[in-house]
Each structure stands twice: as structure tokens, then as C-alpha cells.
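Residue numbers start from 1 in every chain, and the chains themselves are labelled A, B, ... in the order their sequence lines are given, proteins ahead of strands.
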Protein chains: 2
Amino acid sequence: MALGKDYVTQECSIASALEVVGERWTLLVVRDALYGVRRYNDFLVHLGIPRAVLSARLRTLTEAGILEKRRYQESPPRDEYVVTDRGIALWPALRALAVWGREHLMDRRLRYFRHAECGTELGSYGECPACGTVVPVADVLLTPGPGLDPDPADPVSRALLKPKRLLEPLETDHV
Amino acid sequence: MALGKDYVTQECSIASALEVVGERWTLLVVRDALYGVRRYNDFLVHLGIPRAVLSARLRTLTEAGILEKRRYQESPPRDEYVVTDRGIALWPALRALAVWGREHLMDRRLRYFRHAECGTELGSYGECPACGTVVPVADVLLTPGPGLDPDPADPVSRALLKPKRLLEPLETDHV
DNA sequence: ACCGTTGGTTCGTTCATTGAACCCACGGCT
DNA sequence: AGCCGTGGGTTCAATGAACGAACCAACGGT
């Protein structure tokens with residue numbers, strides 16, 4: 001729905017992008033999707049977001065082609081939300097925000113993003129300094145840093161304590 | 001205000017960044033500041049934002065060290081808002097959002113971002129493909145594209161029809 | 001027959017955004 | 001002196017979005 005009528009007059013691709021992903025919670029949902037979160041309940045407990053808002057965001061992100069709703073079992077019918085190529089293309093923007101936040105707001109390292117092939121930490125625009133290439137999202141390895149709570153309450157945060165690649169589906173312990 | 005209390009539990013530098021710049025209008029104010037907008041009235045007419053919201057955003061951005069309020073004349077006292085190094089550091093994030101919006105939402109080119117030294121259009125992470133270096137913000141030349149309205153209503157948009165470097169103060173015709 | 005899980009919707013309260021109106025300090029004009 | 005214009009705001013009522021608690025529904029298991 002968006003910020004809509006006001007942003008439309010902006011003639012600016014930044015404004016257009018923010019119309020789609022600029023609402024409260026939206027970019028955090030996309031972040032979680034890139035981290036491998038796919039199920040409604042996992043988004044819910046990890047984000048601490050009101051259910052109504054989560055439903056609305058999942059719907060608009062699906063309509064925008066950033067997530068795809070996919071039936072993963074019949075009977076009982078269960079759906080999951082998987083990030084699409086268009087959503088994966090938001091990685092550089094999320095990465096840039098993370099770098100800015102880390103350098104200007106944080107006093108400790110929460111996570112490291114590494115090139116899965118060689119273990120080198122990514123540079124500021126997502127490149128591998130050792131290999132000299134921009135690392136595709138699927139080859140980014142997410143590893144915990146020293147500032148992270150070692151015993152978090154929710155199962156999603158617990159699952160994220162293990163190193164894992166982006167996009168790889170998250171294994172929570174509700175199995 | 002901020003998105004505050006909910007985002008705080010996130011242990012994530014993206015969430016921290018969005019606490020500061022994730023509210024409605026905030027990133028567009030920063031974009032305008034990078035484009036050289038400095039005066040209250042210029043932000044107002046260019047963004048079409050309610051005055052109360054603009055005042056609030058300018059205040060929180062100043063408190064966050066992203067803008068700096070600077071007296072540019074006494075009697076009558078007049079202030080302008082100048083983007084700081086911390087604000088300039090948001091350029092990669094805005095750039096990444098612009099690239100995503102352009103590729104996934106726009107059907108026409110509104111603006112080109114070029115390396116001022118050589119005129120080459122910037123690559124997707126803000127580098128100059130010809131020179132092989134990441135271009136500093138002050139050396140980015142903003143030039144109009146074919147999709148841009150050639151006769152916009154507000155003076156700020158009119159001033160942005162001329163090629164200009166980022167950060168360079170905008171010359172509107174209210175002089 | 002009942003309970004638990006997943007994935008929602010509904011609803012009343014609180015909070016943010018909007019747009020219009022108002023304010024004030026000053027300079028300049030007549 | 002009185003008045004108008006400009007820049008940079010604040011105040012206020014009405015609307016819209018977010019919050020969180022409660023409810024709902026389809027199914028499997030016991």
C-alpha cells in the first residue's frame with residue numbers, strides 16, 4: 001500500500017523502491033528470508049512482529065514478487081514463503097545498511113559474512129578481498145560473532161548460531 | 001519514537017540502521033541532502049512532506065549525527081542542514097536501493113550517476129568501470145535521463161535538471 | 001472427544017502521519 | 001508607522017497504521 005500517493009510524485013528509483021520495501025518491518029522480513037527463514041511462525045517469533053502486520057507484509061511482498069508462497073505439504077495445507085530472484089537482488093541494499101549500522105551504531109561484532117569458498121570476510125560492497133570477485137548470495141556464509149547472545153530464547157536465533165549459507169533453508173527444532 | 005522498542009531486541013546491525021533511518025521519509029531526506037538540498041523550504045517543496053514530519057525528521061537526523069544544523073546568516077537567523085560524513089556513508093545503501101528500484105520497478109531512466117572525472121556511468125556497487133575504483137561521493141556527477149519530466153513544478157527539481165555533483169549545494173532560484 | 005500445531009483473521013486501543021492553520025523574527029516598502 | 005513577504009518553524013483535529021490479545025479453522029494424534 002505503501003507510502004503511496006506521496007512518494008509517487010518523486011520521479012526517483014529510490015522512492016519507488018521505498019514504496020515497496022520501505023514500510024516498517026518489511027526489510028527485516030526480507031532479511032530473515034535471505035537468512036533462510038520460510039515459515040510464518042519462524043518469522044513471527046524471530047521478529048516479534050504482530051501477526052496482523054506479518055500477514056500484511058508477507059502478502060505485499062508476495063504480490064511484489066519478492067517472496068513466493070509455496071505449498072510444502074497438503075493435509076493439513078501448509079505454506080512457506082521463499083525469497084525470489086527479485087528478493088535476492090535486495091541483498092546489496094541490506095548489506096550496505098548492515099555495514100553502515102555496524103560502523104556507525106554498533107560497538108561489537110554480531111555476525112561475520114564470509115565467502116563460503118575461502119572463508120574470507122566480505123568487503124564493504126560484498127566482494128571477497130581474497131578472490132577479487134563479488135560473492136553471489138548463495139556463497140555467503142553467515143557466522144556468529146562475539147557480540148551475539150550465546151543462548152537466545154527463540155529457536156530461529158538458536159539455529160542462526162551455527163554457520164550457514166544465506167538462502168539455505170533454516171532448520172529450527174520444531175521438527 | 002523510532003521503531004524503537006521492538007527493533008531493539010533484534011541483535012542485528014540492519015535493524016539498528018533501520019531504527020535510525022527506517023522511518024517514513026527519512027531516507028528521502030538523506031537522499032535530498034546528498035543531492036545538495038540544505039534549506040527547510042527546499043526539502044519541503046521537493047518532497048511534498050508535511051511540515052511537522054519534516055521538522056521531526058530533520059531533528060532526529062541531526063541528533064543522529066547524519067545532518068548538521070548550521071547557521072548561515074544572522075538577522076534574520078537562518079539555518080541550513082548539511083549532510084555529515086556519517087550521512088555521506090549512507091550513499092552505498094541509497095545507491096543499492098536505487099539500482100534495485102531501477103532494475104525491478106522502473107521502465108525508464110530518470111537519472112545517470114557518472115564518474116565526474118571521466119563521465120563513465122557508475123557500476124552497480126558505485127564503482128567506475130573505466131577507472132576501476134570506487135568513486136567517492138563528491139566525485140559522482142548526477143545527470144538527467146530521458147524519463148525525467150523536462151519542466152517540473154518545484155524549483156528544486158528544476159535545479160536538478162542541470163548536471164551537478166553530489167554534495168555540491170543546490171542553487172534554487174529563490175535567490 | 002479432546003489437545004496441539006500451523007497459519008491465519010478480528011478487534012479495540014494506542015501511536016504516527018497528514019494537511020491546514022497559526023506564529024514569529026526580520027527586512028523592505030510606502 | 002503600518003503593512004507585506006520570506007524563512008523556518010509549532011499546534012491541532014482527523015485519519016490511518018501498528019499493536020497485542022483473543023479468536024478461528026483444518027488437520028493429526030491419542
Side-chain angles (χ1 to χ4, degrees), chain A residues 1-9 18-19 22-29 32 37-62 67-82 154-156 170 172-175, chain B residues 1-9 18-19 22-29 32 37-62 67 69-82 154-156 169-170 172-175:
Chain A
M1 50 93 256
L3 320 162
K5 52 184 180 316
D6 302 282
Y7 280 21
V8 168
T9 64
L18 290 174
E19 260 186 72
E23 287 178 299
R24 189 148 155 64
W25 295 111
T26 302
L27 277 177
L28 293 182
V29 172
D32 271 19
V37 175
R38 296 184 167 191
R39 316 253 292 243
Y40 187 93
N41 254 291
D42 287 344
F43 285 110
L44 196 69
V45 300
H46 189 227
L47 294 172
I49 180 179
R51 306 175 83 93
V53 177
L54 178 58
S55 298
R57 295 297 180 272
L58 291 173
R59 184 164 48 250
T60 60
L61 283 170
T62 303
L67 300 181
E68 190 185 311
K69 189 172 186 170
R70 173 188 296 173
R71 178 73 37 112
Y72 69 89
Q73 71 175 34
E74 311 285 342
S75 167
R78 291 282 180 268
D79 296 316
E80 60 183 4
Y81 295 88
V82 185
D154 71 287
V156 176
L170 197 76
T172 46
D173 44 8
H174 50 48
V175 240
Chain B
M1 42 79 259
L3 317 159
K5 55 186 177 316
D6 302 284
Y7 280 20
V8 168
T9 65
L18 290 174
E19 261 185 72
E23 287 179 299
R24 187 149 157 66
W25 296 111
T26 303
L27 277 177
L28 293 182
V29 172
D32 271 18
V37 176
R38 296 184 168 190
R39 315 253 292 244
Y40 187 93
N41 254 292
D42 288 344
F43 286 109
L44 196 69
V45 299
H46 190 227
L47 294 172
I49 180 178
R51 306 175 82 93
V53 177
L54 178 59
S55 298
R57 294 298 180 273
L58 290 173
R59 184 164 49 250
T60 61
L61 282 170
T62 303
L67 300 181
K69 189 172 186 168
R70 174 187 298 172
R71 178 72 38 112
Y72 69 89
Q73 69 174 37
E74 310 285 342
S75 167
R78 291 283 179 267
D79 296 316
E80 61 184 1
Y81 295 88
V82 184
D154 71 285
V156 176
L170 196 74
T172 46
D173 43 10
H174 51 47
V175 242

Under the rule for side chain to side chain contact (heavy atoms under 4.5 Å, CB included), what residues qualify as partners of B/V45, not counting sequence neighbours? B/D154, B/P155, B/V156
Measure CZ/B/R57 against P/D/dG9 and give the value in whole Å, please. 16 Å
Using a 4.0 Å heavy-atom cut-off across all strands, classify B/V53 as base, sugar-phosphate, or nothing. base
Would you please confirm or rule out a distance under 4.0 Å between OP1 or OP2 of C/dG7 and any side-chain N or O of A/S55? no
I want to check one thing: is the phosphate of D/dC19, taken as OP1 and OP2, less than 4.0 Å away from some side-chain N or O of A/W25? yes
What residues form a side-chain hydrogen bond (donor to acceptor under 3.5 Å, both in side chains) with B/T62, not counting sequence neighbours? none
Selected nucleotide, minimal atom distance to A/N41 side chain, candidates D/dG8, C/dT6, C/dT18: C/dT6
Looking at D/dA18, C/dT18, D/dG7, which one has an atom nearest to any side-chain atom of B/R39? D/dG7
Atom pair distance, as rounded to whole Å: CD in B/E74 and C1' in C/dG27: 15 Å
Going by the rule side chain to side chain contact (heavy atoms under 4.5 Å, CB included), which residues pair with A/R70 if we only count those two or more places apart in sequence or in a different chain? A/R38, A/E68, A/E80, A/V82
A/S55 side-chain N/O to A/R51 backbone N/O, donor-acceptor pair under 3.5 Å: yes
Would you please confirm or rule out a distance under 4.0 Å between OP1 or OP2 of D/dT10 and any side-chain N or O of B/Y40? no
Any heavy-atom pair between the side chains of A/V29 and A/F43 that's under 4.5 Å? yes
Could you tell me how far apart A/R71 (CZ) and C/dG8 (C1') are, to the nearest whole angstrom? 13 Å
What is the distance, rounded to the nearest whole Å, between atom CG of B/L54 and atom P of C/dT18? 11 Å
Could you tell me if the side chain of B/N41 sits less than 4.5 Å from the side chain of B/L44, heavy atoms only? yes
For B/E23 and C/dT17, what is the distance between atoms CD and C1' respectively, to the nearest whole Å? 11 Å
Quickly work out the B/L44 CG to D/dG7 C1' distance and round it to whole Å. 11 Å
Against B/D79, only a single residue in B/R39, B/R59, B/R71 fulfils salt bridge (Lys or Arg N to Asp or Glu O under 4.0 Å); can you say which? B/R71
Using the side chain to side chain contact (heavy atoms under 4.5 Å, CB included) criterion, which residues pair with A/Q73? Sequence neighbours excluded. A/P76, A/R78
A/D79 has an atom CG; how far is it from atom P of C/dT6, in whole Å? 14 Å
Between C/dT17, C/dT9, C/dT6, which nucleotide has the shortest distance from any of its atoms to the side chain of B/R24? C/dT17
Can you find a heavy atom in the side chain of B/Y40 that is under 4.5 Å from one in the side chain of B/L58? yes
Taking only nitrogen or oxygen atoms into account, show me every contact under 3.5 Å that the protein makes with nucleotides 26-30 of chain D, one pair per line with its distance.
residue : atom : partner : partner atom : Å
D/dC27  : O3'  : A/S75   : OG           : 3.4
D/dG28  : OP1  : A/S75   : OG           : 3.0

For B/F43 and D/dG8, give me the distance from atom CZ to atom C1', rounded to whole Å. 13 Å
Tell whether A/R51 reaches the base of C/dG7 with its side chain through a donor-acceptor pair below 3.5 angstrom. yes
Quick one: CD1 on A/I49 to CZ on A/R57, what's the gap to the nearest 0.5 Å? 6.5 Å
Provide a list of protein-nucleic acid N or O atom pairs under 3.5 angstrom, restricted to nucleotides 12-16 of chain D.
none

Base, sugar-phosphate or nothing for B/Y81? Non-hydrogen atoms, less than 4.0 Å. sugar-phosphate
